[in-house]
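For reference, the structure is listed below as structure tokens.
Here is the naming used below: chain letters follow the sequence lines, and residue numbers restart at 1 for every chain.
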Amino acid sequence: MQRTSDYPPAPPALRARTFSCMGTVVSLTLPAALGADKLAAATAVVEQLFAGLDETFSLYRPDSEASRLARAEIALPEASEDMRRLYADAVGWRLLTEGAFTPERPDGVLDLSGIVKGYAIQEAGTSLLALGLRDWCLNAGGDVLVSGSPVLVSGSPVPGSPESAGREPWRAGIVDPEDRRTLIAGYPLGGRSGAKLALATSGSAERGDHIWAAGAGSGARPGSAAPVFRQVSVAAADIVTADVLATAIVAGGLPMLDRATDGWDIEVLAVRAGGELLATPGFRR
Amino acid sequence: MRIRSAISATLASAGILLAGWQSGIHVEDTRGAAASTPAGTSGTTGATGSSSGTTGSTGSSSGTTGTSSTSGTTATDSGAAAEPTTGAAAKAGGTYAGSVVQTRFGAVQVQITVNAGSITDVTALHLTDDDRKSIMISNRAAPLLKAEVLAAQSADVQTIGGATITSDAYLSSLQAAIDAANL
């Protein structure tokens, strides 16, 4: 097997740490050369941040602020600043997506879980950068945010090579919703300036508890309950945009897909209910 | 007394007419600037602005710009777009360039060709600032075969994207295998 790339033949040496939060598993991956201590410290910071947000926003915890709001024990104006800010963000996204993304369940209960994980990833990323870490990959249950490259700079880039302008990107695989042991596509994140850093995926089959088919509201598919898309992946500059739009497209169907690609600088890979693919040019090989 | 007032009234209306005429000419000038090549003929469009009831003969056809005594202002506003087509000039026909509009893909400008009052052609004078952005205009998702998307092997990726998995499902996931390899 001959390699044609200019990259070193060995896969980049990486080190990962994981923890459980928000009902899923969060993985932080750093170049191994940075050392185990740095990774442990960074993971602790990220874990603390996730745990704090989960404590406030989880509807699975009866004592959380979100649960007390849902039981109408407190009103939104009395809620914490985090709660009010995220609610405002979510309502803003509902407007931007014409109702395809909404922070309220059909029964009227406020549910910010559609935006809180993306927000947690974004805040964690900001913290990692503040710690001085430039190269990392953060994966929270299938939503990914990266910075820099998996390969630390050692010496000068190969002169004249087309990649000399950038570094090796993080290579993300997207699972096949039909068979989760295989990948349906790949997408490079980070590595060079201007590259998309975030990849979020929403599905209608799996744990889609914050996605509701927007039949009545958006007019996407009135009267139809079966989602058009089995799975939608969105690559964007930031994770909240990617996460919200992936959710909105699953809920809003084809009209929302077109609105999203027209209105935002994103790349989309959508798997239709029958398994067919729709993709923007960035996902084309 | 009566004669005098009649004379002064006539003079006044003549003055108004004159002012209207001049503002009309002014309107035409700004329009000429906005729509770089109003190949369509002469002072006709200008006359529409002045009208104020009296010179209605020239202003007759338009409707959008000929809002009587308001003279130049409204006409100048609409002149920024490809509006100069209204009025007699449009009847005459010609080509008109629209203003440059900024979009998130860059600057866009179109030109229309008018013949007998109808738009017969629309051409793009300027579609965005560079080719890369022009491509983005058609960034809609299109049907694709699996063999046409960016491929990836699980041995060759550093992270896995997918719909949110539960902690239990993680244990048997590809991401868990990758994490385990990097522990």
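Neither the backbone nor the side chain of B/Ala180 comes within contact range of chain A; no heavy atom of the residue lies under 4.5 Å from a heavy atom of that chain. In this structure, chain B has a heavy atom under 4.5 Å from the backbone of A/Arg181, while its side chain stays farther away. For chain B, the nearby parts of A/Ile184 are the backbone and the side chain; heavy atoms of each come within less than 4.5 Å. Only the side chain of A/Thr18 comes within less than 4.5 Å of a heavy atom in chain B; its backbone stays farther off. Heavy-atom distances place the side chain of A/Leu269, and not its backbone, under 4.5 Å from chain B. Looking at A/Ala270, neither its backbone nor its side chain comes within 4.5 Å of chain B, counting heavy atoms on both sides. Contacts between B/Gln175 and chain A at a heavy-atom distance below 4.5 Å involve the side chain alone, from C-beta outward.
Proximity of A/Glu276 to B/Leu145: side-chain heavy atoms (C-beta onward) are nowhere separated by under 4.5 Å. Proximity of A/Arg180 to B/Ile165: side-chain heavy atoms (C-beta onward) are separated by under 4.5 Å at one or more points. Residues B/Ser154 and A/Thr182 fail the side-chain proximity criterion, which asks for heavy atoms closer than 4.5 Å.
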Apply the test side-chain contact (heavy atoms from CB on, under 4.5 Å) to residues A/Val146 and B/Gln158: give CA-CA distance (whole Å), side-chain angles for both, the deciding distance (0.1 Å), then the verdict. CA-CA 11 Å; A/Val146 310; B/Gln158 287 107 32; over 6 Å; no

Verdict with reasoning, B/Thr164 to A/Lys117, per side-chain contact (heavy atoms from CB on, under 4.5 Å): CA-CA 10 Å; B/Thr164 307; A/Lys117 191 170 63 147; 3.0 Å; yes

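The two residues B/Ala152 and A/Gly173 come nearest to each other via the heavy atoms CB-CA, 4.5 Å. Pairing each heavy atom of B/Ala163 with each of A/Gly203, the nearest pair is CB-N, 3.5 Å. For the pair A/Leu183 and B/Gln153, the tightest heavy-atom approach, listed with the atom from each and the gap, is CD1-C, 3.8 Å. The heavy-atom pair separating B/Ser167 from A/Ser20 by the smallest distance is OG-OG, 4.0 Å.
Among the candidates A/Ala36, A/Gly141, A/Ala32, the residue making the largest number of heavy-atom pairs closer than 4.5 Å to chain B is A/Gly141. Of the listed residues (B/Gly162, B/Ala176, B/Pro143, B/Ser173), the greatest number of heavy-atom pairs within a distance under 4.5 Å of chain A belongs to B/Gly162. For the set B/Leu171, B/Val157, B/Leu183, the entry with the most heavy-atom pairs within less than 4.5 Å of chain A is B/Val157.
In this structure, the side chain of A/Thr24 does not engage the main chain of B/Thr166 through any donor-acceptor pair within 3.5 Å. No side-chain donor-acceptor contact under 3.5 Å links B/Asn182 to the backbone of A/Thr29. Counting only distance, with no hydrogens or angles, the side chain of A/Asn139 and the backbone of B/Ile160 share a donor-acceptor pair below 3.5 Å. Side-chain N or O atoms of A/Thr280 include none that pairs as donor or acceptor with a backbone N or O of B/Ala141 at under 3.5 Å.
We find the CZ-CG distance between A/Arg171 and B/Asp156 to be 4.0 Å, quoted to the nearest 0.5 Å. One distance of note links OH of B/Tyr170 with OG of A/Ser27; it measures 4.0 Å at 0.5 Å rounding. Note that the CG atom of A/Asp258 and the CZ atom of B/Arg140 stand 3.5 Å from one another [nearest 0.5 Å].
Comment: B/Asp179 does not engage A/Arg17 in a salt bridge, judged by the lack of any side-chain N to carboxylate O separation of less than 4.0 angstrom.
With A/Arg284 as the fixed residue, the side chain to side chain contact (heavy atoms under 4.5 Å, CB included) test singles out one of B/Val149, B/Leu144, B/Leu150: B/Leu144.
Heavy atoms from other residues, nucleotides or ligands lying under 6.0 Å from CG of B/Asp121 number more than 12.
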